[in-house]
Amino acid sequence: MSDQRYAVEMRSISKSFPGVKALDDVSLQVRPGSVHALMGENGAGKSTLMKCLFGIYKPDSGSILIDGSVHAFPGAKQALEAGISMIHQELHPVRFRSVMENIWLGRYPSSGFGPFKIVNSGKMLRDTKELFAGLAIDIDPRVWVEQLSVSKIQSMEIARAVSYNASVIIMDEPTSSLTGHEVEHLFKIIRKLRDEGRAIIYISHKMEEILDIADEVTIMRDGRRVGTYPAKELTTDLIINRMVGRDLTNRFPPRENVPGEVVLSIEKLTSANPRSFRDVSFELRKGEILGLSGLVGAQRTELVESIFGLRLVKSGKIRLRGKEVAIRNSIQAKRHGIALLTEERRTTGIFPVLSVYDNTLIANISRYVNRFGLLDMRRGAADVKRNIDLLRVKTPNQATAMESLSGGNQQKVIVGRWLLTDPEILILDEPTRGIDVGAKYEIYSIIADLAKRGKSIIMISSEMPELLGMSDRIMVMCEGRATGILDGAGATQERIMELSTQFMS
Amino acid sequence: MKNTAATANMGRDNLAKLREFASKNAIVLVLLGLIVMIGIVRSSFLNPENLVNILRISSVRAVIALGVGGILITRGTDLSAGRTVGLAAVIAASLAQRPDYASKLFKDLPLLPLALPVLAALGVGLLVGLLNGSIVAFLKVPPFIATLGMMVIIYGAVSLYVDRPPMGAQPLGGLREDFTNIGTGDTFTIPNLILIAGFVTVFIYVVLNKTTFGKNIYAIGGNPEAAVVSGVSVWKNTVLVYAIGGTLYGLAGALLSARTGGATNNYGQMYELDAIAACVIGGVSTSGGIGTVGGMITGVLIFEVLNNGLVVLGVSAYWQQIVKGIIIVAAVAIDIQKYVRKR
């Protein structure tokens with residue numbers, strides 16, 4: 001080994017958020033001219049680590065070296081100037097602006113002095129066209145981002161990251177909504193960038209992708225680094241093993257539920273939004289866990305939110321126990337015994353500053369009104385306590401503010417909230433997203449137990465092992481259409497991927 | 001059979017196109033509709049003098065609306081706009097009183113260069129804007145609260161400025177003719193006020209659409225996080241957008257005192273609400289990122305046409321208020337249907 005410089009070296013980075021230690025003494029070394037994969041389950045700290053590198057978060061301790069010299073970026077601007085660019089996983093573009101304005105945001109080609117530099121739109125258009133041509137991306141730079149499909153937006157973000165001409169490019173789940181063909185295309189771009197001597201940090205859950213494109217792989221678990229390995233020495237099993245930290249065999253609890261008669265049947269349901277789902281039909285049985293799979297943009301969330309009455313439906317039928325019902329809002333849905341755990345826990349699930357007590361009872365609060373018209377606090381407290389015990393919520397007490405609980409415990413509180421409404425049908429949208437591995441197992445156990453007690457469950461998940469391990473049947477969606485319903489026992493990742501990309505060019 | 005189906009299809013296509021055109025240009029159509037309707041009932045409304053008068057009165061309002069509009073695009077708001085107009089009007093008036101006027105605010109004030117009262121008004125507006133922007137950007141006070149406080153402070157300050165014990169706050173009058181001429185005179189037969197408002201409109205149009213600053217504030221309002229990670233300086237642009245707003249209120253204040261030939265400490269009261277309402281009617285989204293100069297100006301004109309039209313129609317002043325309130329809420333309710341429910 002020589003005194004070879006790393007393109008990026010992160011030394012002993014630690015970072016805490018209230019209630020969570022997101023990163024604990026994590027180090028990372030990335031060589032120039034290589035693709036370095038960062039792997040780990042959701043919540044392992046990959047994105048947090050990259051946000052520290054990119055200057056969005058300030059690490060509590062540790063240091064960052066770029067090309068051998070120490071840097072501390074107070075913000076993204078400085079990181080970009082130091083030659084680091086990033087494709088963000090969850091970042092949404094500025095929707096009501098054009099593609100080219102999104103690409104060059106923060107560095108419009110312009111002339112003049114002071115605040116009122118005149119933007120050179122002609123040059124911006126030419127540059128964008130040239131950039132897209134070099135990457136063989138076919139998007140009109142002048143259309144509003146609002147009009148693009150999810151995969152086009154992702155292509156735009158990739159082009160944007162490349163356009164910074166950075167020496168280090170971070171890609172956080174860049175393929176989450178790309179088709180097989182588009183992924184191949186991206187890999188061509190990545191290899192070209194690598195051969196130019198740039199370092200690529202590549203975050204993905206997809207094993208095949210990693211083994212295909214990466215030179216080295218760093219695996220993280222629960223905010224710590226497990227190790228860094230040459231990709232050649234790894235196999236899918238080895239990666240999973242190190243990511244999960246225990247054998248695959250007991251990742252999921254045993255299930256003893258027995259699906260019974262049909263409870264819910266959906267017939268040719270079509271969204272009022274022409275770009276959302278259409279003609280979706282399926283049945284859900286008593287005591288059944290129905291998995292719902294698909295890529296980002298498959299409209300799974302939109303489908304279940306429509307069933308729950310949060311979105312408008314143009315046509316189609318919803319039958320509950322054979323009787324047709326119209327559900328126009330969440331109150332009616334609740335009355336029909338349907339519960340929905342939303343995907344974005346932080347934005348649409350929890351009330352962060354309210355207590356565990358309030359968060360548990362809120363969907364059901366009118367049931368605790370006594371004959372004086374006031375809330376019967378004691379009865380409420382009893383139910384909250386039962387929930388905390390049943391779901392093993394780790395909280396100091398019922399008055400603790402929701403925001404100081406960990407993600408897994410917040411999720412349990414919300415599951416508990418909906419259990420109190422005594423639903424027949426429980427819709428879970430990404431129930432384990434952002435939850436650590438141990439808590440995941442507990443959530444799975446709760447789901448399995450609910451099904452065993454005769455509740456019907458629809459579970460949306462983007463993690464295939466989770467779907468395969470938990471579902472009686474799996475419905476796959478692609479671009480708003482149901483492309484197939486697979487038997488849980490007979491389903492494979494390959495078959496699901498096939499169905500997930502059926503309508504993609 | 002086939003033919004009729006095709007015709008029906010074509011008819012439907014045309015209808016769809018018409019509907020799209022109507023929804024895109026809804027506010028312009030509303031404006032034209034109002035003018036036509038009022039004109040049918042009272043043809044005197046359509047007299048050229050009356051229409052020019054509407055434009056003249058709209059001018060000051062437009063300058064204020066263009067200031068608030070930019071701030072609204074960043075997801076901000078400015079409740080101090082009206083009071084800033086009043087402050088600037090009083091300061092400009094106090095520096096533009098005739099040397100021979102008996103009850104001058106400053107007894108020994110000589111005849112100043114004409115530019116000075118105007119520049120003082122612009123300067124004090126700029127100062128208020130910088131303060132507002134800094135409080136929002138650095139102290140992270142929500143814009144509603146920051147500018148609410150500023151609104152109250154400015155009223156106190158302007159009252160102190162014109163306070164002459166024991167008589168208390170006095171109206172300022174006796175303004176120089178060359179100063180009032182800015183507000184009442186014509187250049188090449190076009191009223192000065194309309195020329196100035198037109199110039200400001202073009203300037204703000206260029207700033208919002210052709211400059212890095214303009215594109216940045218749309219980005220900040222549309223998705224602040226995306227702006228931050230793209231290296232856009234949120235604080236610089238925030239301070240600047242409030243500073244531009246403040247400067248425009250300052251200008252509006254000078255124009256207002258020039259047009260009316262005086263100023264009191266109550267000048268500009270509630271103008272911010274009219275300006276915000278005009279912007280919102282013109283399609284500026286209070287949740288940020290959306291809004292056009294054309295929309296803001298159309299919004300202002302709708303308001304003034306309504307004000308003038310209701311008077312011409314002989315509607316009582318009290319009913320005018322009720323009609324205006326309904327129009328504000330109804331316009332936004334219609335406009336916002338584009339975004340709600342159709343998810």
Side-chain angles (χ1 to χ4, degrees), chain A residues 51 54-56 73 75-81 85-88 90-98 100-112 114-121 124 144-146 157 160-161 164 271-276 301-302 305-306 310-312 314 328-329, chain B residues 16 24 70 73-75 126 129-130 133 203-244 247 283-285 287-292 295 337-343:
Chain A
K51 283 179 178 170
F54 195 60
I56 298 174
F73 302 125
K77 191 179 175 67
Q78 289 76 13
L80 289 166
E81 279 163 3
S85 73
M86 180 165 180
I87 301 172
H88 298 270
E90 80 278 28
L91 196 83
H92 304 293
V94 186
R95 297 205 102 79
F96 293 96
R97 295 270 99 190
S98 69
M100 60 181 186
E101 282 184 32
N102 268 275
I103 297 255
W104 304 104
L105 177 58
R107 55 200 169 113
Y108 297 120
S110 57
S111 51
F116 302 127
K117 290 193 197 72
I118 299 292
V119 174
N120 187 339
S121 296
M124 189 150 79
W144 276 16
V145 171
E146 175 69 6
E157 294 287 353
R160 190 157 106 102
Y164 281 97
S271 167
N273 178 350
R275 291 194 306 175
S276 192
T301 297
E302 291 75 3
E305 289 188 357
S306 298
L310 294 176
R311 289 168 190 263
L312 275 188
K314 192 173 90 190
R328 286 193 202 85
N329 53 49
Chain B
K24 266 191 183 157
I73 288 173
T74 63
R75 299 191 180 181
L126 173 65
L130 285 174
F203 175 72
I204 295 296
Y205 176 84
V206 171
V207 166
L208 286 187
N209 294 288
K210 307 283 179 196
T211 68
T212 51
F213 164 74
K215 293 190 183 293
N216 283 340
I217 70 163
Y218 278 106
I220 290 170
N223 188 344
E225 241 183 284
V228 170
V229 298
S230 303
V232 173
S233 168
V234 173
W235 73 259
K236 257 189 222 162
N237 290 294
T238 303
V239 171
L240 191 56
V241 80
Y242 281 90
I244 292 171
T247 311
V284 180
S285 165
S287 39
I290 302 175
T292 62
Q337 298 312 314
K338 284 187 287 198
Y339 308 107
V340 290
R341 264 302 193 178
K342 233 185 115 184
R343 311 200 289 169

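The basis for the numbers below is simple: all heavy atoms, side chains too, and nothing from hydrogens, waters or symmetry mates. Everything numeric here is computed off the predicted structure, so don't read it as measured data. Chain letters run A, B, ... following the sequence lines, proteins first and then strands; every chain starts at 1.
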Heavy-atom contact with chain B under 4.5 Å, split by part of [X]:
X	result
A:Leu80	side chain
A:Ile56	side chain
A:Arg95	neither

**Prompt:** Does a sphere of radius 6.0 Å around CZ in A:Phe116 hold more than 12 heavy atoms from other residues, nucleotides or ligands, not counting ones at 6.0 Å or beyond?
**Reply:** yes
**Item:** Nearest-0.5 Å distance that lies between atom OG in A:Ser121 and atom NZ in B:Lys215
**Value:**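 Rounded to the nearest 0.5 Å, the OG-NZ separation comes out at 5.0 Å.
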**Request:** List the atom of A:Gly106, the atom of B:Asn216, and the distance in Å for their closest heavy-atom pair.
**Result:**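 For A:Gly106 versus B:Asn216, the nearest heavy atoms are N-OD1, 4.2 Å.
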**Complete:** Residues A:Ala76 and B:Gly231: closest non-hydrogen pair is CB-N, 4.5 Å
**Asked** Is it the side chain or the backbone of B:Ile244 that comes within 4.5 Å of chain A heavy atoms, both, or neither?
**Response** side chain
**Prompt:** In terms of heavy-atom proximity below 4.5 Å to chain A, should B:Val228 be classed as side chain, backbone, both, or neither?
**Reply:** backbone
**Item:** Pairs of heavy atoms under 4.5 Å with chain A: top-ranked of B:Val232, B:Val206, B:Thr212
**Value:**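 Most heavy-atom pairs under 4.5 Å with chain A: B:Thr212.
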**Best-contacting candidate, A:Arg97, A:Arg275, A:Arg107, A:Gln78, against chain B by heavy atom pairs under 4.5 angstrom** =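 The candidate making the most pairs under 4.5 Å is A:Arg97.
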**Asked** Per the side-chain contact (heavy atoms from CB on, under 4.5 Å) rule, which among A:Val145, A:Val94, A:Asn102 passes with B:Asn223?
**Response**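 For B:Asn223, the side-chain contact (heavy atoms from CB on, under 4.5 Å) check succeeds only for A:Val94.
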